[in-house]
A.B. asks: 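Mind looking over this structure? Questions follow.
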Amino acid sequence: MYISNRVFLSFLLPVIVFSILLYYGILWNVYIATHDYSPLSKGENYIGFNGFKEVFSSSEFKGAFKRTIMWAGLLVVAGNTVGLLLAISIYQFESARMRNTLTTLFLYPLSLSLVVTGIIWRWLYDQYKGINVILDPVLGLNPSWLEGSNAFWSLVLTSIWVYAGFSAMIYLASFYNVDRSLVESAMIDGAGTLTILTRIVIPNSAQGFILSTIFLALFAIQMFDLPYSMLFLNPFTETMVMYIFSKFVSLYLYLASAAAIAVIAVSAVIVIPYALYGIRRWILRIA
Amino acid sequence: MLRYRSFELRLLAASLIIIVVGVLWIIPMYSLLAGSLKSLAEVQGTPVLSPPARPSLEAVRKVSLELRDPIINTVLIVVPVALVSTLLGSAAAYAIYRRMDRVSDTIMILIAIATYIPYHAILVPLINLIKGLGLYDTLPGIALALLVYYTPMAALLMVIFISAIPRFYIEAAMVDGAGDGRIYRRVVLPLLGPGITSTMIFILIMTWNNFFIPLMLSRGYEKYITLKIFSYVGQSGTLYNEMFAASLIGSLPPLIIFLAMGRYFIKGLQAFGGGVKG
């Protein structure tokens with residue numbers, strides 16, 4: 001359908017301006033990362049890739065990088081597993097109301113601020129006042145959830161609690177999208193619900209798996225609020241974004257920007273293919 | 001007979017999984033409520049999971065007074081941001097929907113990339129921009145930063161919602177001689193009602209819960225609700241009743257919206273996650 005360029009642009013203008021600002025921000029990072037913005041100097045000198053070298057050779061950043069990638073991997077595996085399990089279980093109920101109620105139950109963590117989630121779980125993980133009060137007498141377990149390197153695993157668990165519902169929702173949506181006629185003809189052939197689920201519905205939910213994986217990974221890459229509100233800047237739970245933050249706060253802007261470019265690069269690996277192929281094909285259904 | 005039994009087993013297994021996992025999902029919310037209702041005397045000795053022996057509004061009352069200003073500030077920021085970003089996003093979506101060629105495709109892809117790249121990575125330039133405008137540590141500064149980030153997201157969501165509208169509505173209006181402004185206002189906006197509500201609610205909840213942007217763009221803890229909630233972590237020490245009460249009160253607006261209009265939030269979330277069309 002024809003639309004004149006003038007009208008096209010005037011409708012789009014604000015969004016284009018804001019998007020350009022975001023891209024400008026991405027590029028500005030390159031400028032800051034290659035100039036010596038630090039507490040000692042004001043960025044007058046070009047330093048080339050030295051900032052990047054400094055970031056990538058520091059053990060602090062390496063730790064943060066490793067932790068972030070590991071977090072993404074764990075959240076993808078566990079989030080998909082719990083999400084798929086929940087989606088399959090919710091799918092067993094025929095009534096739409098029941099399905100909606102259960103979806104709401106597992107999605108409510110997404111309506112909470114991660115700061116609130118961090119505060120609640122910080123206390124649930126408290127060795128003496130938290131869930132150990134039940135675990136200790138029942139299972140004889142009394143772990144120190146937030147001590148040392150344990151804290152990382154505990155935070156990953158909490159992030160699963162936050163995002164598994166999201167994954168379940170995506171899977172459910174892709175279950176509902178499976179062609180009804182396929183399901184019906186299988187039912188006529190006498191297939192049970194479980195057979196239909198394992199033979200037809202789940203194999204046709206590959207798209208749900210891809211989307212759920214993309215977003216779980218993206219959520220993990222930007223992890224900041226949760227670890228920060230639970231344990232502040234703790235060396236055992238530092239993520240890439242927290243590294244950016246701590247370098248920013250201590251005014252080593254060139255290090256913050258170099259790390260920011262690393263975050264952009266890691267997310268771009270996921271985001272760009274998704275934006276190029278996924279959105280048109282999966283969301284807008286344009287071949 | 002065999003069919004019947006497998007049916008029973010299947011539902012039993014599903015119910016079991018949901019009950020076990022569901023308890024894990026309820027415990028944090030239960031603890032939040034229980035902890036908020038504990039008095040100073042009780043919070044010192046009791047574990048988080050124990051119900052308050054004598055429920056008291058002591059903590060809630062004290063905290064709600066302190067939360068008043070940050071809540072007002074946050075409302076003043078997020079309501080305009082949600083309204084404006086959704087409106088601008090819907091206009092952009094209309095333009096893209098009308099065009100549907102290589103140009104509009106490229107623009108949409110660029111918008112999508114801007115939406116999904118973590119905004120944490122453009123923190124340094126963003127602060128420079130806000131400082132350059134003289135808006136550091138002001139409510140308009142936080143609002144502007146949120147608007148810059150959430151408007152492209154709103155546009156993306158609205159493109160997804162708008163693509164569910166059958167084209168003949170617009171073609172019919174064009175045959176009647178209506179211009180684009182008129183088609184957008186009179187035809188598209190009314191048809192987009194649920195999509196607009198979903199986008200607005202989604203952005204409202206997301207911005208209300210945002211922590212990183214206000215943290216970076218202001219001093220102190222008074223300008224945003226999540227900052228204020230966070231401030232209790234440092235100052236309340238082991239008195240979790242006040243922390244929980246602050247968390248509870250600060251979460252009420254998004255929680256109430258979620259419970260009352262969850263359908264729309266979920267639609268927004270699905271559009272954000274690419275799960276389902278319109």
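Chain letters run A, B, ... following the sequence lines, proteins first and then strands; every chain starts at 1.
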A.B. asks: Answer with side chain, backbone, both or neither: which region of B/Phe212 has an atom nearer than 4.5 Å to a non-hydrogen atom of chain A?
C.D. replies: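 Contact with chain A is through both the backbone and side chain of B/Phe212.
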A.B. asks: For A/Leu218, which atoms come within 4.5 Å of any heavy atom of chain B: side chain, backbone, both, or neither?
C.D. replies: side chain
A.B. asks: Do A/Leu124 and B/Ser31 touch side chain to side chain, with heavy atoms closer than 4.5 Å?
C.D. replies: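 Sidechains of B/Ser31 and A/Leu124: in contact.
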A.B. asks: Run the ring-centre check on B/Tyr149 versus A/Phe18 and record whether the distance is less than 6.0 Å.
C.D. replies: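 Aromatic pair excluded; centres sit 6.0 Å or further apart.
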A.B. asks: Pick one of side chain, backbone, both or neither for B/Leu123, based on which atoms fall under 4.5 Å of a heavy atom in chain A.
C.D. replies: side chain
A.B. asks: Is chain A contacted by the side chain of B/Tyr232, its backbone, both, or neither, given a heavy-atom distance below 4.5 Å?
C.D. replies: neither
A.B. asks: Quick one: side chains of residues 252-260 of chain A, donor-acceptor pairs under 3.5 Å with protein atoms, not counting sequence neighbours, listed by atom name and distance.
C.D. replies:
unit_1	atom_1	unit_2	atom_2	d
A/Tyr254	OH	A/Glu54	OE1	2.8
A/Tyr254	OH	A/Glu54	OE2	3.3
A/Ser257	OG	A/Asn29	OD1	2.9

A.B. asks: Would you mind checking which part of A/Ile270 comes under 4.5 Å of any heavy atom in chain B, side chain (CB onward), backbone (N, CA, C, O), both or neither?
C.D. replies: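 Neither part.
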A.B. asks: Side chain, backbone, both or neither: which part of B/Ile225 has a heavy atom under 4.5 Å from chain A?
C.D. replies: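 No part of it gets close to chain A.
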A.B. asks: What is the distance from atom CD1 of B/Ile205 to atom OG of A/Ser111, rounded to the nearest 0.5 Å?
C.D. replies: 6.0 Å
A.B. asks: Please state whether the side chain, the backbone, both or neither of A/Phe224 comes within less than 4.5 Å of a heavy atom of chain B.
C.D. replies: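 Side chain only.
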A.B. asks: For A/Val116 versus B/Ser251, what's the shortest heavy-atom pair and its separation?
C.D. replies: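 Nearest pair, atom of A/Val116 first, then B/Ser251: CG2-OG, 3.3 Å.
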A.B. asks: Which bit of B/Leu248 comes within less than 4.5 Å of chain A, counting heavy atoms only: side chain, backbone, both or neither?
C.D. replies: neither
A.B. asks: In the structure I gave you, are the side-chain heavy atoms of B/Ile109 and A/Tyr274 within less than 4.5 Å of one another anywhere?
C.D. replies: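 The answer is no; the side chains never approach within 4.5 Å.
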A.B. asks: Does the side chain of A/Phe8 come within less than 4.5 Å of B/Ser104's, by heavy atoms?
C.D. replies: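 A side-chain contact under 4.5 Å exists here.
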A.B. asks: Which region of A/Ile32, side chain (C-beta onward) or backbone (N, CA, C, O), has a non-hydrogen atom less than 4.5 Å from a non-hydrogen atom of chain B, or is it both or neither?
C.D. replies: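 Side chain only.
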A.B. asks: Any side-chain heavy atom of B/Pro152 within less than 4.5 Å of one from A/Leu22?
C.D. replies: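 SC-SC contact between B/Pro152 and A/Leu22 confirmed.
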A.B. asks: What are the two closest heavy atoms between A/Leu105 and B/Ile26, and how far apart are they?
C.D. replies: CD1-CG1, 3.8 Å
A.B. asks: Please state whether the side chain, the backbone, both or neither of B/Thr46 comes within less than 4.5 Å of a heavy atom of chain A.
C.D. replies: backbone
A.B. asks: Quick check: does any side chain N or O of A/Lys129 sit under 3.5 Å from a backbone N or O of B/Val43, one acting as donor and the other as acceptor?
C.D. replies: yes
A.B. asks: Between A/Asn5 and B/Arg99, is any pair of side-chain heavy atoms under 4.5 Å apart?
C.D. replies: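 The answer is yes, as the side chains (C-beta and beyond) meet within the 4.5 Å cut-off.
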A.B. asks: With only heavy atoms counted, which part of A/Tyr228 is less than 4.5 Å from chain B, the side chain, the backbone, both or neither?
C.D. replies: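 When you check distances to chain B, atoms from both the backbone and side chain of A/Tyr228 fall under 4.5 Å.
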A.B. asks: Select one option (side chain, backbone, both, neither) describing which atoms of A/Leu21 are under 4.5 Å from chain B's heavy atoms.
C.D. replies: side chain
A.B. asks: Checking heavy atoms, do the side chain of B/Phe258, its backbone, both or neither come under 4.5 Å from chain A?
C.D. replies: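 The answer is the side chain of B/Phe258.
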A.B. asks: Could you tell me whether a side-chain N or O of A/Tyr108 sits under 3.5 Å from a main-chain N or O of B/Leu259, the two making a donor and an acceptor?
C.D. replies: no
A.B. asks: Using side-chain heavy atoms (C-beta onward) and a distance below 4.5 Å, is A/Leu114 in contact with B/Asn209?
C.D. replies: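 The answer is no; the side chains never approach within 4.5 Å.
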A.B. asks: So which part of A/Ile261 gets closer than 4.5 Å to some heavy atom of chain B, the side chain, the backbone, both or neither?
C.D. replies: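 For A/Ile261, there is no contact with chain B at all, as no heavy atom is under 4.5 Å.
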A.B. asks: Below 4.5 Å from any heavy atom of chain B, which atoms of A/Tyr23 appear? Answer side chain, backbone, both or neither.
C.D. replies: side chain
A.B. asks: Quick one, A/Phe232 with B/Phe230, criterion side-chain contact (heavy atoms from CB on, under 4.5 Å). Give me CA distance, side-chain angles, the key distance, then yes/no.
C.D. replies: CA-CA 10 Å; A/Phe232 307 108; B/Phe230 177 71; 3.4 Å; yes
A.B. asks: Would you say A/Val17 and B/Val148 make side-chain contact, with heavy atoms under 4.5 Å?
C.D. replies: no
A.B. asks: Does a side-chain heavy-atom distance below 4.5 Å link B/His120 with A/Phe245?
C.D. replies: no
A.B. asks: Looking only at heavy atoms, what is the nearest atom pair of A/Ser19 and B/Ile111, with distance?
C.D. replies: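 Closest approach of A/Ser19 to B/Ile111: OG-CG1, 3.9 Å.
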A.B. asks: Is a side-chain donor or acceptor of A/Trp28 paired with a backbone partner of B/Pro125 at a separation under 3.5 angstrom?
C.D. replies: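 No.
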A.B. asks: Less than 4.5 Å to any heavy atom of chain B: does that hold for the side chain of A/Ile88, its backbone, both, or neither?
C.D. replies: neither
A.B. asks: Side chain, backbone, both or neither: which part of B/Ile107 has a heavy atom under 4.5 Å from chain A?
C.D. replies: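 Contact with chain A: side chain only.
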A.B. asks: What part of B/Met29 gets closer than 4.5 Å to chain A, counting heavy atoms only: side chain, backbone, both or neither?
C.D. replies: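 The answer is both parts of B/Met29.
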A.B. asks: Working to the nearest 0.5 angstrom, can you tell me the gap between B/Asn210 CG and A/Ser113 OG?
C.D. replies: 8.5 Å
A.B. asks: Please classify the contact of A/Leu102 with chain B as side chain, backbone, both or neither, using a heavy-atom distance under 4.5 Å.
C.D. replies: side chain
A.B. asks: Taking A/Trp161 for the side chain and B/Leu24 for the main chain, is one N or O donor matched with an acceptor at less than 3.5 Å?
C.D. replies: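 Indeed, once roles are kept as given, a pair shorter than 3.5 Å links the two residues.
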A.B. asks: Rounded to the nearest 0.5 Å, how far apart are CD1 of B/Ile113 and CG of A/Leu276?
C.D. replies: 6.0 Å
A.B. asks: With a 4.5 angstrom heavy-atom cut-off, which part of A/Leu216 approaches chain B: side chain, backbone, both or neither?
C.D. replies: neither
A.B. asks: Go through the atoms of B/Thr226 and report whether side chain, backbone, both or neither lie under 4.5 Å from a heavy atom of chain A.
C.D. replies: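 It is both, since atoms from each part get that close.
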A.B. asks: Quick check on the 6.0 Å ring-centre criterion: do A/Phe215 and B/Phe272 meet it?
C.D. replies: yes
